[in-house]
Amino acid sequence: MKNMFVLSEIDLPGAGPELTIEKITRKELASYGQKARVEAIVGSRAMAIDAASMELPALKFVQLTSAGFDGVPLGEYAAKKVLVANAGTVYSAPIAETVVYGMLQMAKRYRKNPNSHRLRLTRGYRYLTELAGKTAVILGAGSIGTEVAKRLLGFGMTIWGYDPYCPEKPEYENLFRDLSSLKKALPQADFVISTLPDNEETRGMIDEAFLSCLGPQAVFVNVGRKAVIRQEDLYAALKSGRLGGAVLDMFEVFPNPVTNRFRRLKNTIVLPGVAAISRESQQRRNDHILKNLTLAGRGEEPAYLINKEK
């Protein structure tokens, strides 16, 4: 079996003799001088988008380093008989833990707790609340959403989900399939957690009409794509107090500038956009990628294909 020649945007230590891996950046890809040799590419969505329009005659596999694949021209790759896989579930655990972290900060009013600002101890019963007995609605019942659900069940919460396509799962007491049914249930939600991808069906879904269905106690948590949210509508709901609060991890600009107006809202926690990052997830990512490259080199089907012919 011949050696597979791979261009990778990340370091992949531990590659076996079946793989020859050369490190490259996205900017270097366009001027790369050995395009005829490239059989596989490992990189970001941006790199995959760039590579789709390039002349790479030997290319047969693209491995994304992300779970998201919005913007990647899967049809173009399929027409060229190039397989594309994403990172699958490797980031689900740290993202789920970040959701719980943000929810606990809101419930325990960490930033607003009077004991954080006063020398004299106060009991503060009216400030603090519990997750137990509360209802969480998770938008997107895939891997990330389900990992969130598993952890919240341990707090004694009621878990509802929204997903038009995902099969029934035991973690969800109710799984709504359409927006109209979901909106009828939203007034009962204490937390709404978005793990949604960016696509034609979800883009702009969290708008004024959606947010107006939520009660003033509700907290909105976003670890999904920013494009799902109409930013003006969310900001207005938070600033006016119509919405109880928000925990936001996804923004267009990274690193998130200090001038971001959501940072100035007293009922909003802005996270640094690193929910998926951990030592463990990096190791899982590398193991997943190396396994997939080996399978592709052998002519076998890699895991988590996203442009597989039906």
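Along the sequence shown, residues carry numbers from 1. Treat the numbers as computed from the prediction; the structure is a model and nothing was measured.
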Expected output: side-chain [X] to main-chain [Y] donor-acceptor under 3.5 Å:
X	Y	value
Asp207	Arg230	no
Thr20	Val6	no
Arg177	Asp163	yes
Thr268	Phe262	no
Gln217	Ala189	yes
Arg45	Leu64	no
Ser181	Phe176	no
Tyr77	Ala52	yes
Asp233	Glu208	yes

Membership question, hydrophobic clusters at under 4.5 Å side-chain separation (ILVMFWY): are [Y] and [X] in the same one?
X	Y	answer
Leu7	Leu290	no
Leu83	Ile49	no
Leu182	Val192	yes
Ile21	Phe61	yes
Ile289	Ile306	no

With a 4.0 Å cut-off on N to O distance, would you call [X] and [Y] a salt bridge?
X	Y	result
Glu28	Lys23	no
Lys80	Glu55	no
Arg284	Glu280	no

Query raised in the report: Between Val148 and Val223, does a side chain to side chain contact (heavy atoms under 4.5 Å, CB included) hold up when you go through it step by step?
Result: CA-CA 11 Å; Val148 173; Val223 289; 5.8 Å; no
Say you draw a straight line from [atom1] of [X] to [atom2] of [Y]; how long is it, rounded to the nearest 0.5 Å?
X	Y	atom1	atom2	result
Met4	Thr294	CE	OG1	9.0 Å
Tyr32	Ile24	OH	CD1	6.0 Å
Asn267	Arg109	CG	CZ	9.5 Å
Gln63	Ser8	CD	OG	9.5 Å
Leu74	Phe69	CG	CZ	6.5 Å
Thr65	Glu9	OG1	CD	6.0 Å

Report summary line: Paired with Met103, the side chain to side chain contact (heavy atoms under 4.5 Å, CB included) test is passed by just one of Val219, Thr98, Leu152, Ile269, namely Leu152
Query raised in the report: Looking at Asn307, Asn86, Val82, which one forms a side chain to side chain contact (heavy atoms under 4.5 Å, CB included) with Val62?
Result: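 Of all the options given, the one that passes is Val82.
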Side-chain contact test, heavy atoms from C-beta onward, threshold under 4.5 Å: evaluate it for [X] versus [Y] and give yes or no.
X	Y	result
Leu248	Leu234	yes
Ser194	Ile229	no
Val99	Phe191	no
Leu12	Leu293	yes
Ile41	Met47	yes
Asn286	Pro13	yes
Tyr162	Pro164	yes
Leu265	Tyr235	yes

Closest heavy-atom pair and its distance - [X], [Y]:
X	Y	result
Ala276	Ser281	O-OG, 2.9 Å
Leu131	Ala107	CD2-CB, 3.9 Å
Ile193	Ala136	CD1-CB, 4.2 Å
Gly273	Asp249	N-OD1, 3.0 Å
Asp50	Arg26	OD2-NE, 2.6 Å
Ala36	Pro57	CA-CG, 4.0 Å

Query raised in the report: Out of Arg203, Lys226, Arg225, which one pairs with Asp198 under the side chain to side chain donor-acceptor pair (under 3.5 Å) rule?
Result: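 Between Asp198 and the candidates, side chain to side chain donor-acceptor pair (under 3.5 Å) is satisfied uniquely by Arg203.
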Requested in this report: Could you check Arg151, Glu171, Lys169 and say which one makes a side chain to side chain donor-acceptor pair (under 3.5 Å) with Thr146?
Outcome: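 When Arg151, Glu171, Lys169 are each tested with Thr146, the side chain to side chain donor-acceptor pair (under 3.5 Å) holds only for Lys169.
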Report task. Determine whether the side chains of Asp287 and Gln283 contain a donor N or O and an acceptor N or O closer than 3.5 Å. Result -> yes
**Report entry** Under 3.5 Å side-chain donor-acceptor pair for Ser143 and Thr89
**Finding:**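 Result is no, nothing qualifies.
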Report task. Kindly write out the residues that satisfy salt bridge (charged side-chain N to carboxylate O under 4.0 Å, His left out) with Asp190, not counting sequence neighbours, or none if the list is empty. Result ->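 Once residues adjacent in sequence are excluded, Asp190 has no partner under the salt bridge (charged side-chain N to carboxylate O under 4.0 Å, His left out) criterion.
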Query - side chain to side chain contact (heavy atoms under 4.5 Å, CB included) between Asn199 and Thr202, worked out - result: CA-CA 5 Å; Asn199 57 45; Thr202 63; 3.3 Å; yes
Report task. Let me see the working for Leu186 and Phe210 under side chain to side chain contact (heavy atoms under 4.5 Å, CB included), right down to the final yes or no. Result -> CA-CA 9 Å; Leu186 285 178; Phe210 184 99; 3.6 Å; yes
Are more than 12 heavy atoms, taken from residues, nucleotides or ligands other than [X], located less than 6.0 Å from that residue's [atom1] atom?
X	atom1	result
Glu130	CD	no
Lys239	NZ	no
Tyr101	OH	no

**Report entry** From CA spacing to verdict: side chain to side chain contact (heavy atoms under 4.5 Å, CB included), Trp160, Gln188
**Finding:** CA-CA 11 Å; Trp160 296 344; Gln188 302 175 64; 3.6 Å; yes
